[in-house]
Amino acid sequence: MTQPANTSTTPAHPATGVSFDFQTVEPRWQKAWNEAGVFTVPDVPPADKPKYYVLEMFPYPSGQLHMGHVRNYALGDVVARYKRARGYAVLHPMGWDAFGLPAENAARERGVHPQDWTLKNIAAMRATLQRLGFSLNWDREIATCLPEYYGKQQKLFLDFLQAGLVERRESWVNWDPIDQTVLANEQVVEGRGWRSGALIEKKKLSQWFLKITDFAEDLLDGLKTLDRWPDRVRTMQERWIGRSEGAHITFSLHQPPQGLTNEGLDSNLNAVEVFTTRPDTLFGMSFLAIAPDHPLAAYVAQSNKDAAEFIAECRRLGTSVEAVETAEKRGFDTGLRVNHPFMDKSFPIWIANFVLMDYGTGALFGCPSGDQRDLDFAHKYNLPVTPVVLPQGKDQADFAITKNAFTGDGTLINSGFLDGLSTEEARKEAITRLEELGVGKGVVNWRLRDWGVSRQRYWGCPIPVIHCESCGPVPVPDAQLPVKLPEDVTFDKPGNPLDHHATWKHVACPKCGKPAVRETDTFDTFVDSSWYFARFTAPHAPTPTVRDAADGWLAVDQYIGGIEHAILHLLYARFFTRAMRKTGHLDLSEPFAGLFTQGMVNHESYKDAAGNWLYPEEVDLRPEGAVKRGTEDAVTVGRVEKMSKSKRNTVSPEAIIERFGSDTARWFVLSDSPPERDMEWTEAGVSGAARFAQRLFRLVRTVAETVPAQNTCPADIASEADTLRRATHRTIAAVTEALEAFTINVAVARIHELTSALADAEKTPELDGIAFARREAARVLCQLCAPMMPHLAEEMFALLEPGKTMVVELPWPEADPSLLAATQVTLAVQIMGKLRGKIDAAPDEDSAAVIARAEAEPNVARLLEGKRIVKRIHVPNRIVNFVTAG
RNA sequence: GCGAACUUGGCGGAAUGGUAGACGCAGGAGACUUAAAAUCUCCAGCCUGUAAAGGCGUGCGGGUUCGAGUCCCGCAGUUCGCACCA
């Protein structure tokens, strides 16, 4: 569906006003691009071009595009337009991450149906994106909340189920006893439900899990191949997956505890299995700690009220790791004891609030001298501390552990048969001995847990399963897909509307035909975003993917989004890709070959005297201080922070486009700050960007109107013309390099420089060759700024070369290598590394001549007088450094 | 608490181990204008000095090097993530 480059026409009459009239010009070029179909690509990439898939993380349709989106999509559009100009077939689609809690909150708060709310938001945000002129394939738009998308997701889930990648098991959720609903971690504020204020409890529910741990090793190994990902993201994922080598150790119970009988005691409760990465410190043990959710804890609680009370308290902490780990370390002594595997000693079993049931075996042995948490715990409850690792260079006689545990490597002491061994040797020896005794073994443990995907919510993709009393959970047959969300739901009672829907829920079992009920849970919205990049390659196909399309376009060559997704979303998408390969939907492991994480858009915050937050448009910034517009009341300027509704420090993209135009908005978010870093939105900055756009437009228009066109460069040109030509070609090289390196702020700076050079040339319009050089510079400026300010670029180019092709159809300019070489270089002359003068030299000039000239430089010669030069260092074209003595 | 990163003029930032502060914003001086806006020209890290020049300077403290914003070690501050927000 792409159009040949020479068939499109440029609009007949570019703006004729005194300056760049963005309000009429921008929509006109958007129309011209669309009519020429320049951004449309086929489902299977064309054979005559290399393909390039650029994707920005799709937005959640919250209602309004915000500046963070503008920055994200402006960055992606620079890449898309640049790669297009470099001759690639570019896939650059857009969609909506349209399921999620905010739609349900809106339904409960304002009585609007989640679907209406979402679709309305999508329409508003799509309009803004289109106004911004991004080079998107709008014919590929998807929304995850439409059955066309989520029905295919249900198919994927059933295929995963078939392939053994899905399991049903119990797990803990945050339960709000008043609202009778499950809460997300973010809905739990200081241990209470955000709406009801009730103390929340952990509750166990049967839920669906995707077996991401099946791929733990592969997900870890795959990170090594992702050489176009930021190191920090790879490191974070590596830590998250968390491969650790250690041992499982079985501690047998010392004696049946008082008041407890073995009756009802599971055989594995006769012993406690722990995981440790430090079997070498086993002789330093002083207690054994189990998670509050450990089966043994539950067993103790049956007959011990205090234990039950302590466990209940721990449960009120909620399910987030952060809550558990920041809470004060507390424990409860069960009175039970375990035998030490190597020593004839027993140690107490504590229930401790910092032990996680989800990690390892939910139990650990405490070695206070070798672990800070264990040490703090030991001090609090008066448990003994035995040092077992002696740091290098310390003497055992005066080595003691007081406030700080020693976690490093050293030599084993107080450790029986391990004494004298290194930490590493002791680890191996301890495991060998445990295995010989049959009470332990060396294991690889993963921090990564399986992915619980069940959510007790309405506004999500229904999980396509039917529960039958006789058959158990039964997959919905393919022919009955998609399982559509019922639209006739109400949010007037607490809980999930699907759960109390009269008809939707009750169906016949597909297997036996008896009455059964649908699964009323829906998928975690991370599931939706785990495969959308693949769906974009064949967005309207009846199957989740079409292999020719997916194989042709994937992997995503450049993925762009916020650092906040560094772990979960990216890891889930990497897992889904593997699972989809296993089930035949895809044929690759790594979905995102290149990843770029952009920073946030921040803004100053403002407060009036009463402490109320003010919107930026309510404030006048004056040199003598900020005041409230209209009232002149003093305003306190707060810190620069992430734009947020609660602080009212937001700027609406719509308003900015209205005032300054899309190109200015785009140019500003790309200027100044490096894309990966946070940027500050300022009024002064955006008006500066607007001034530059107008200035560039005026300069190019002057060239178009006053400088005659010339096809070839005259043989003899004035040095001013040569200077401009060199600036032009250096800028092509520099901007190209900057765009390749994603340092777009540097590309912007180089374009500023060439603009100034073109302005300088206006002063000498009569010189030989200057006309050619000016037209060349103007044309190049159109092309170089086009990825950032595409409308302005088209408008200027239409003035410069009327009736020809659009910039969007021109190939990227090439720098002439003969114009890149410097004709003269300036070298710094240093004495002992301090700058003392400068000299000029020919490029790559002979060392001896350069050094002689440097030594003779007056200021250098003066300072060298009476000193002995011991070394002369010459770095060609850079510096000369004299090392002196005495 | 654990994990990851970031820190350079008044501000955003630039800088293959080689002239720190490119480019921009804000500021100052001047030109144009009846005036303002807009535009254009010039100045500008801090300290001493008329100048020439010199001293100091990339969060703080050490180290490697002829030479460190850049590499190494330690510290502080800020930001992000922590599995049911997306």
Side-chain angles (χ1 to χ4, degrees), chain A residues 19 57 59-60 62 97 99-102 171 173-174 182-188 207 212 230-233 235-240 242 319-329 354 358 372-373 447-457 524-526 528-529 562-569 571-572 597 599-600 623 640-642 671-674 676-680 682 684-685 687-689 691-692 694-695 698 743 745-746 748-753 756 759 826-838 859 862 870-873 875 877-884:
Chain A
S19 56
M57 291 177 184
Y60 178 77
S62 58
D97 191 10
F99 274 137
L101 271 178
S171 77
V173 294
N174 299 311
V182 176
L183 298 182
N185 282 335
E186 71 153 19
Q187 296 173 318
V188 179
Q207 315 223 51
I212 190 171
D231 284 342
R232 60 170 166 159
V233 175
T235 313
M236 278 194 262
Q237 291 219 351
E238 198 177 307
R239 301 282 171 130
W240 188 261
T319 59
S320 80
V321 173
E322 187 192 4
V324 171
E325 298 206 346
T326 47
E328 189 200 353
K329 310 271 170 287
F354 62 91
D358 289 319
Q372 194 60 46
R373 271 187 317 196
R447 193 176 160 277
L448 184 68
R449 313 198 299 251
D450 278 333
W451 176 15
V453 293
S454 298
R455 299 290 181 272
Q456 296 69 38
R457 325 232 170 265
D524 177 5
T525 55
F526 272 123
D528 311 337
S529 55
I563 186 68
E564 67 272 21
H565 294 292
I567 296 181
L568 292 182
H569 161 61
L571 193 63
Y572 292 151
T597 54
M600 293 182 302
V640 172
E641 55 192 313
K642 183 177 180 173
S671 306
D672 293 355
S673 293
E676 71 276 12
R677 234 185 273 183
D678 290 353
M679 66 168 291
E680 184 189 354
T682 61
S687 49
R691 272 204 304 278
F692 175 75
Q694 296 294 346
R695 176 176 186 232
R698 279 196 308 273
T743 50
N745 54 320
V746 178
V748 166
R750 299 287 96 88
I751 290 172
H752 273 289
E753 283 170 343
S756 294
T826 303
L827 284 84
V829 184
Q830 304 176 334
I831 297 171
M832 299 298 281
K834 277 189 184 295
L835 180 69
R836 296 303 181 194
K838 291 176 186 182
N859 196 45
R862 180 176 68 84
V870 275
K871 205 169 171 187
R872 296 171 171 81
I873 294 157
V875 180
N877 306 326
R878 298 269 180 194
I879 61 132
V880 174
N881 187 17
F882 296 106
V883 183
T884 59

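Labels below follow one simple rule: chain letters A, B, ... track the order of the sequence lines, proteins then strands, and each chain is numbered from 1. All heavy atoms count here, side chains included; hydrogens, waters and symmetry mates do not.
- Remark: the separation of the P atoms in B:U33 and B:C47 is 37 Å, to the nearest Å.
- Rounded to whole angstrom, the span from the CZ atom of A:Arg373 across to the P atom of B:G1 amounts to 12 Å.
- Note: CD (A:Glu680) to P (B:A26) measures 13 Å, nearest angstrom.
- The base-pairing partner of B:G1, taking Watson-Crick or G-U wobble contacts with both distances under 3.5 Å, is B:C82.
- Within the 4.0 Å cut-off from OP1 or OP2 of B:C40, at least one side-chain nitrogen or oxygen of A:Arg695 is found.
- In this structure, B:C6 and B:G77 make a Watson-Crick or G-U wobble pair, each of the two defining distances being under 3.5 angstrom.
- In a base pair of the Watson-Crick type (N1 to N3 plus N6-O4 or O6-N4) or a G-U wobble (N1-O2 and O6-N3), with each distance short of 3.5 Å, B:U39 is matched with B:A31.
- In this structure, the side chains of A:Ile873 and A:Val883 come closer than 4.5 Å at one or more pairs of heavy atoms.
- Atom OG of residue A:Ser673 and atom CG of residue A:Asn745 lie 7.5 Å apart, to the nearest 0.5 angstrom.
- Between A:Thr235 and A:Val746, the residue anchored closer to the 5' end of RNA chain B is A:Thr235, taking for each the nucleotide with the nearest heavy atom.
- Inter-residue side-chain proximity for A:Met57 and A:His569 is flagged as met; some heavy-atom pair is nearer than 4.5 Å.
- For the pair A:Leu101 and A:Arg457, the minimum side-chain heavy-atom distance is below 4.5 Å.
- Straight-line distance from the NZ atom of A:Lys838 to the P atom of B:A52: 14 Å, rounded to whole Å.
- Side chains of A:Ile879 and A:Val829 form no contact here, defined as non-hydrogen atoms less than 4.5 Å apart.
- Within the model, atoms CG of A:Leu835 and CG of A:Asn881 stand 10.5 Å from one another, a figure rounded to the nearest 0.5 Å.
- Nucleotides B:C25 and B:A20, compared at atom P, are 26 Å apart to the nearest Å.
- With a 4.5 Å cut-off on side-chain heavy atoms, A:Arg691 and A:Arg695 do not count as touching.
- For A:Arg677, a side-chain nitrogen or oxygen approaches OP1 or OP2 of B:U7 to under 4.0 Å.
- If you check B:U19, B:G24, B:A5 against the side chain of A:Arg232, the one that comes closest is B:A5.
- Atom P of nucleotide B:C6 and atom CD of A:Glu676 are separated by 9 Å, given to the nearest angstrom.
- A:Met679 places its CE atom 13 Å from the C1' atom of B:C11, with the value rounded to the nearest Å.
- Rounded to a whole Å, the CD atom of A:Glu753 is 14 Å from the P atom of B:G21.
- A residue-by-residue look at A:Leu835 and A:Lys329 shows that A:Lys329 has its nearest nucleotide of RNA chain B further toward the 5' end.
- One C1' atom belongs to B:U70, the other to B:G81, and the distance between them is 28 Å to the nearest Å.
- Look at the C1' atom in both B:U7 and B:U58: the space between them is 10 Å, to the nearest Å.
- Atom NE2 of A:His752 and atom P of B:A14 are 14 Å apart (whole Å).
- Using P as the reference atom, B:A52 and B:C40 are 30 Å apart when rounded to the nearest Å.
- When both pairing distances are held under 3.5 Å, B:A53 makes a Watson-Crick or G-U pair with B:U48.
- Listed pair A:Lys834 / B:A53 fails the phosphate criterion, with no side-chain N or O lying under 4.0 Å from OP1 or OP2.
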Point to revise | Summary of protein contacts for nucleotides 81-86 of chain B, nucleotide by nucleotide, where a base hit scores B, a sugar-phosphate-only hit scores S (4.0 Å, heavy atoms) | key: SBBBBB
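- When rounded to the nearest whole Å, the span between CZ of A:Phe692 and P of B:C23 equals 13 Å.
- Here the side chains of A:Thr525 and A:Asp528 are in contact, with some heavy-atom distance below 4.5 Å.
- Remark: B:G67 base-pairs with no nucleotide; criterion is Watson-Crick or G-U wobble with both hydrogen-bond distances under 3.5 Å.
- Looking only at side-chain heavy atoms (C-beta outward), A:Phe882 and A:Met832 stay at 4.5 Å or farther from each other.
- For B:G21, the base adopts the anti conformation, since its glycosidic angle falls more than 90 degrees from zero.
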Check your understanding: When you check every protein heavy atom under 4.0 Å of nucleotides 63-75 of chain B, what one-letter string (B, S, -) results, 5' to 3'?
Key -> ---B---------
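- Nucleic acid contact for A:Ala566: none, since no nucleic acid atom lies under 4.0 Å from a heavy atom of the residue.
- With both ends at atom P, the span from B:A29 to B:A14 equals 31 Å, rounded to whole Å.
- Using a 4.0 Å heavy-atom criterion, one finds that A:Thr826 contacts the bases of the nucleic acid, with or without backbone contacts as well.
- Nucleotides B:C23 and B:A86, compared at atom C1', are 36 Å apart to the nearest Å.
- A:Thr235 OG1 to A:Trp240 CH2: the interatomic distance, rounded to the nearest 0.5 Å, is 15.0 Å.
- Atom CZ of A:Phe526 is separated from atom CZ of A:Phe99 by 16.0 Å, given to the nearest 0.5 angstrom.
- Across the C1' atoms, B:C75 and B:C6 are found 16 Å apart, a figure rounded to whole Å.
- The side chain of A:Asn859 contributes an N or O atom lying less than 4.0 Å from OP1 or OP2 of B:G54.
- One N or O on the side chain of A:Thr682 and one on the backbone of A:Gly685 form a donor-acceptor pair closer than 3.5 Å.
- In terms of phosphate contacts, A:Arg691 brings a side-chain nitrogen or oxygen within less than 4.0 Å of OP1 or OP2 of B:C25.
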